[in-house]
Amino acid sequence: MSTSPGGSPLRPQTNECRLAFDLSGVWLFRLGEDEGDWSGAVPVGVPGSWNDQVPGIRDEFGPAWYERRFELPPGVLPLGGRDAAIRFGSVCYSAEVWLNGQPLGGHVGGHLPFTLACSDALREGENVLVVRVDGRLGRDQVPPGLVLPANTHGRVFHPDVSYDFFPYAGIHRRVDLVVTPLGGIHDVLLVAAADEDGAVVSVTVEAGEGDVTLALDGEPISSPHRVGTSALWSPSSPRLHRLEVELRRGGELVDRYVLQTGIRTVSVAGDQLLLNGEPVQLRGFGRHEDFPVLGRGTVSALGARDLLLMQQTGANSFRTAHYPCDEETLDIADQLGLMVIAETPAVGLYFADDDTPRRQEQVQRSLAEMIARDRNRACVIAWSVANEPRMNHPAAAAALVELCDAARALDGTRPAGYATDLPEAEGVGASDVVFLNAYPGWYRDPGRLDAAGPALADALDRVYERYGKPVVITEFGADALPGSHADPPAMWTEEYQAELIESLLRVAAERTFVVGAHIWAFADFGTAQADHRPASVNFKGVFTRDRQPKLAARRLRELWQK
Ligand code: GCB
């Protein structure tokens, strides 16, 4: 896992004991193998990918150098009984970091936070933070790039990725200087067990020496603690609570951490998915983090727009395809009551080369980092350990079973599984809920709106017959070029997309074991170049890349709002 002062996975926050000082803003940027001279550097925005921000370097993946100069807020130095660290929300793909010339360490893998201790490097006056970011593709990476054709889904992209989104590089999320008390609160875990009268909440705190006290919404509590049904989190009542943890030594307050969270349970019973013991149906989308200019850089305005549009459309859930999403987006999901399937960055896995062991180790690390980050999230109701792994190798099934087992070992309170386009392959039974990706009427029987429904029905019934488990259709859909129309509907038009989605949703609704349907995708998104991706965009969005509705969005509103 990430290096940090004591390795705490807690998200930074500011209160009388802790400081999170946002270093986002304008940084200096240059491409180059070595740090060299900064005279040719240009200003760039962080968070943000560099590819669509700096003209002319779309297909450059580094190494690149970032620099940020900052002065400390008052009272940071001398640190005294405190530790300082720099926390990065996500750097794609790997990072090495220096503060005032001192190496702090690094991290491999995007979409997840890492924290590097920097107490000895901080100084009064100007501090110089330098980050080397390497976004070059590689077969030992997750997701893998430069994959030989035998190990891909048969599509050729430039740049050479085997997955269907642009491999944006850069500092993609917030960067914070974090100051925390030495021997303070290291981790907090809240687990709920629901029954007819509400839930029993157990809070586990890992902290240095001293007395730990808990308060829920301002009232002192001890663990375990009972709450009534009205306290539970659900899409119709996304109640959030404020859990305050305090650590005192000799009566003195040493540390305080506030966890804003919902209380709810998720389980699988027979062919149903239960939230707080009640069957629940997921309606929603797969969502990429993608926007013009920003690339994969996250801003909370976009997270808010997306999730509010989802809710307005009548959706109650989404999958963070194909990597863990930004923490602020999860804050918004918690507040709106949207249920989230959180996915690792493991898209395009295959098992046929010497790089496989290193790649799998990286998946395991990302899975552990994602669960450490998100396990207190009410909105996160399931883990997806991978998307569409290639299953044509004898080692594949065991590797997927191992990943699902690892997710359950790290967090026994949520179902785990992986999204598959090969539901008959060995290993699919390792999923608690079968996550099925299927493209009838598009990749299969293209242009055949009449054939799509029966094909999906057949696929679903076979999956259920084989596994007897609940099924979420994690992907289905069609590309629609915005403004493109045809009567009768034809592929790539808004009519075709809307008709296909409507007919497949009908097939899903006829089956009680289908506990969810997520349309691919929420919005159009940037891809690498390919003959099936006009203008390097995947047009399966129900909203355009700038978040305007296509016909399908309006149709969904009618269907889902009922
Ligand atoms: C899939 C992939 C997704 C693609 C989608 C498509 O099966 O999981 O990453 O974007 O198909 O549109 O081809």
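Given the structure is predicted, the values throughout are model-derived calculations rather than measurements. As the structure lists them, so they are numbered: ligands from 1, and atoms in each ligand from 1. Each residue takes its place number in the sequence, starting with 1.
- Judged as a ring-ring contact (aromatic ring centres under 6.0 Å, His included), and not counting sequence neighbours, the contacts of H111 are Y323.
- In terms of the salt bridge (Lys or Arg N to Asp or Glu O under 4.0 Å) criterion, residue partners of D405 (sequence neighbours excluded) are, by chain and number, R408.
- With respect to the salt-bridge test (charged N to carboxylate O, under 4.0 angstrom), the residues D411 and R375 do not qualify.
- Just one of F522, F525, F476 meets the ring pair (Phe, Tyr, Trp, His ring centres under 6.0 Å) condition when paired with F285; it is F522.
- In this structure D450 satisfies the salt bridge (Lys or Arg N to Asp or Glu O under 4.0 Å) test together with R448, sequence neighbours excluded.
- Residue-environment remark: CZ (R462) stays at or below the threshold of 12 foreign heavy atoms within 6.0 Å.
- Protein neighbours of ligand 1 below 4.0 Å, counting non-hydrogen atoms: D164, H322, N387, E388, N437, Y439, Y443, E475, W520, F525, R533, N538, K540.
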